Amino acid sequence: MSFFQVKDLGIRFGGVVAVDRVSFEVKRGECYTIIGPNGAGKTTIFNLIGLLYPATSGKIFFQDKELTGLSPHQVADLGIARTFQNIELFEHATVLQNLLIGRHRHRRTALWQELLFTPAVRRAELAQREAVEKVIDFLDLAKYRDSLVAGLPYGVRKVVELGRALATEPRLLLLDEPSSGLNPEETDDMAFWIEDIKRQLGVTVLMVEHDMNLVSRVSDRVLALNMGTVIAEGTPAEVQANPAVIEAYLGKAA
Amino acid sequence: MRFLFKTGYAQDLRLFKHGGQVFWYGLLMVLLLAAPYAIGEYLTSQLQFICIYSIVGLGLMLLVGFTGQISLGHAAFLAIGAYTEALMQARGVPFFVSLPCAALLSAAMGWVLGLPALRLKGIYLAIATLAFNVIVEEILARWESLTNGNSGLNLKPIELFGMKLDGDAGFYYLCLGLAMLSILAVLNLLRSPTGRAFVAIRDSEISASCMGVNLANYKTMSFALSAALAGIAGALYAHKVTFISPEQFTLLQSIELVTIVILGGVGFVHGAVLGAAFLIVLPQLISLAKDYLPADVAGTGLQSVVFGLVLIVIIIFEPLGLYGRWLKLRTWFELFPFYRRGMFRRQKSYMKSERLR
Ligand SMILES: Nc1ncnc2c1ncn2[C@@H]1O[C@H](COP(=O)(O)OP(=O)(O)O)[C@@H](O)[C@H]1O
Ligand SMILES: [Mg+2]
């Protein structure tokens, strides 16, 4: 009975074994972080969880349901939302429109109702809007509400993407390097939000992150990955002190 | 400059954002309603064509401009609508039944054409839709027992609830009404979850699917809706020209339909109407100009050349099309003298290095 579990997950791209028999478990309500040097296979694990690629081996379970064989949108329907390392927003839409797409899995109206824009659709749209406004308040995005994403600074886009994932009301939130490209103040905000997402909203967070400061601050447990294989797991302090991890990051002492 | 003060979420769901819009669109509507009594038979007939092409244009805009797919086969849907209408009318089916049938049959074919779209992108999809056009054209020419082959079919004027729409005004109001309804339906869709899903697919398929958008469903749905609009336009077109044959629905016609979208402005509902108007007006202008041109320039190929040139000029200098040009002009007046160049330039400031293949 685990909340989220990855078992013997593996994938190879031609000759490259990007992820090799990785297993871990995330408990409900915790923040679980995957660290590792560049090219360790962290993003690939996220893409495997989102079923963007078929895994070569292994299984993924979410609330004891196996994900294998589903399509990406079905994964989202189960309540797994994600952000991307390099931001994949809808560029030619406003922040508000981006967040509203996050509400997609909560839509209840049929096509014919939408073509006529019946009162039911109007009510539903107002409800979606209210849900989105909560996210806008939560992340302090009000001043960007009607701005086109294409014109926003990088740091704000990062927050918009987090907002879009939150608008789906996820049970499990996957964050791929939430602090990359952010300045120290923005990183600090990000840390607060992740803590709030965990505590206030009760969302389980699975995160890939480089900034060890942020990692120690928000994570309950950490998994260290190198060349596609697990090299350590434990509390942030334990993993940071692990010789194998130090070696992976700094190279072997001469 | 107009500042909108927003006081409620419902405000963002309105079709008209402020009183000014209500006024101008209202005025346009009044002019359009009065038109048949003011501008004479010939121009009314041209307005009918503009309405008909606006409806196909809207369908294509939904598919190309809002869902990011391509179709070089929309003349085939026009044909399916036209032939359904002609054949059903010949068998005594009333118009208010045959028109929905034309739309539905066309939608069904659109759904079928949408299936390859799940696997194909860009140029490959274009080729698949192009092939579809050729196949439909070929079937219409060969299935003589049903379609009368290349000799074509004749249509009688529409009879609607006992009224014969053979005068110009009656048919014009029918076209105008259907065009308005189509615009309204598309606008409604665009402010609902389905329209947002379309736009999401256009902007990033990966993101859309990670937000729970079923790519397969929505792409085929977009094809079906787009084809349905083309089917409606096809039925009207058949009545407009009163005689249909396969050579009216060739690949060239499909390409002309795509130019509606590109000329008008990809991604704008207004663009469909502007593009349609342009498509109808340009040949008129060209034939007017022919009187003043030397005989060897004013040959039959002139229209294609001008069309091609206009298309190239628009793609190079005004990728947002006629509607984009209008937006810039309006902003220029509103901001005068503070307009600066490049205000509408789309920024591509951040690389997407991690695009999935
Ligand atoms: N689609 C792909 N095709 C081929 N190789 C890939 C693909 N995606 C990732 N890889 C390879 O897998 C390895 C892990 O990449 P990634 O998961 O992005 O690392 P990171 O831990 O930095 O996020 C890298 O060697 C990368 O080149
Ligand atoms: Mg990565």
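Every chain is numbered from 1, with letters handed out A, B, ... down the list of sequences. Just so it is clear, the structure is predicted and the values come from calculations on it, not from any experiment. What's counted below: heavy atoms across the whole structure, side chains too, no hydrogens, waters or symmetry copies.
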Next on the checklist: Please classify the contact between B/R191 and chain A as side chain, backbone, both or neither, with a heavy-atom cut-off of under 4.5 Å.
Outcome noted: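 Both parts, backbone and side chain.
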
Checklist entry - What part of B/L190 lies closer than 4.5 angstrom to a heavy atom of chain A: side chain, backbone, both or neither? => result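 Contact with chain A: none, neither part.
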
Checklist entry - If you count heavy-atom pairs under 4.5 Å with chain A, which of B/L225, B/T194, B/N214 comes out on top? => result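 Greatest number of close heavy-atom pairs with chain A: B/N214.
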
Next on the checklist: Quick check for you: among B/A185, B/C210, B/S207, B/S209, which has the greatest number of heavy-atom pairs under 4.5 Å with chain A?
Outcome noted: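 Highest number of pairs under 4.5 Å: B/S207.
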
Option that, when pairs with chain B are counted at under 4.5 Å, heavy atom only, ranks first among [options]:
| options | answer |
| --- | --- |
| A/E130, A/Q113, A/E133 | A/E133 |
| A/P72, A/A124, A/A93, A/G102 | A/P72 |
| A/V75, A/L116, A/V121 | A/L116 |
| A/R105, A/Q128, A/H73 | A/H73 |

Item to check | Non-hydrogen atoms of B/F223 and B/I70 that approach each other most closely | outcome: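 Heavy atoms only, the tightest pair is CZ-O, 4.0 Å.
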
Checklist entry - Salt bridge check: are A/E88 and A/R164 linked by an N-O gap of less than 4.0 Å? => result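 Answer for the salt bridge query: no.
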
Under 4.5 Å from a heavy atom of chain B, the part of [X] involved:
| X | value |
| --- | --- |
| A/D146 | side chain |
| A/T168 | side chain |
| A/R122 | both |

Does the side chain of [Y] come within less than 4.5 Å of [X]'s, by heavy atoms?
| X | Y | answer |
| --- | --- | --- |
| A/F90 | A/Q97 | no |
| B/E205 | B/K219 | yes |
| A/I60 | A/T68 | no |

Next on the checklist: Distance to the ring centre below 6.0 angstrom and angle to the axis at most 45 degrees; does that hold for B/R202 and B/F198?
Outcome noted: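 The answer is no, since B/R202 fails at least one limit relative to B/F198.
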
Checklist entry - In Å and rounded to the nearest 0.5 Å, what is the CG to NE2 distance from A/D77 to A/H104? => result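 With rounding to 0.5 Å, CG (A/D77) is 7.5 Å from NE2 (A/H104).
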
Item to check | Backbone of A/Q85 reached by a side-chain donor or acceptor of A/K158 within 3.5 Å | outcome: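 Yes; judged by distance alone, with no hydrogens or angles, the pair exists.
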
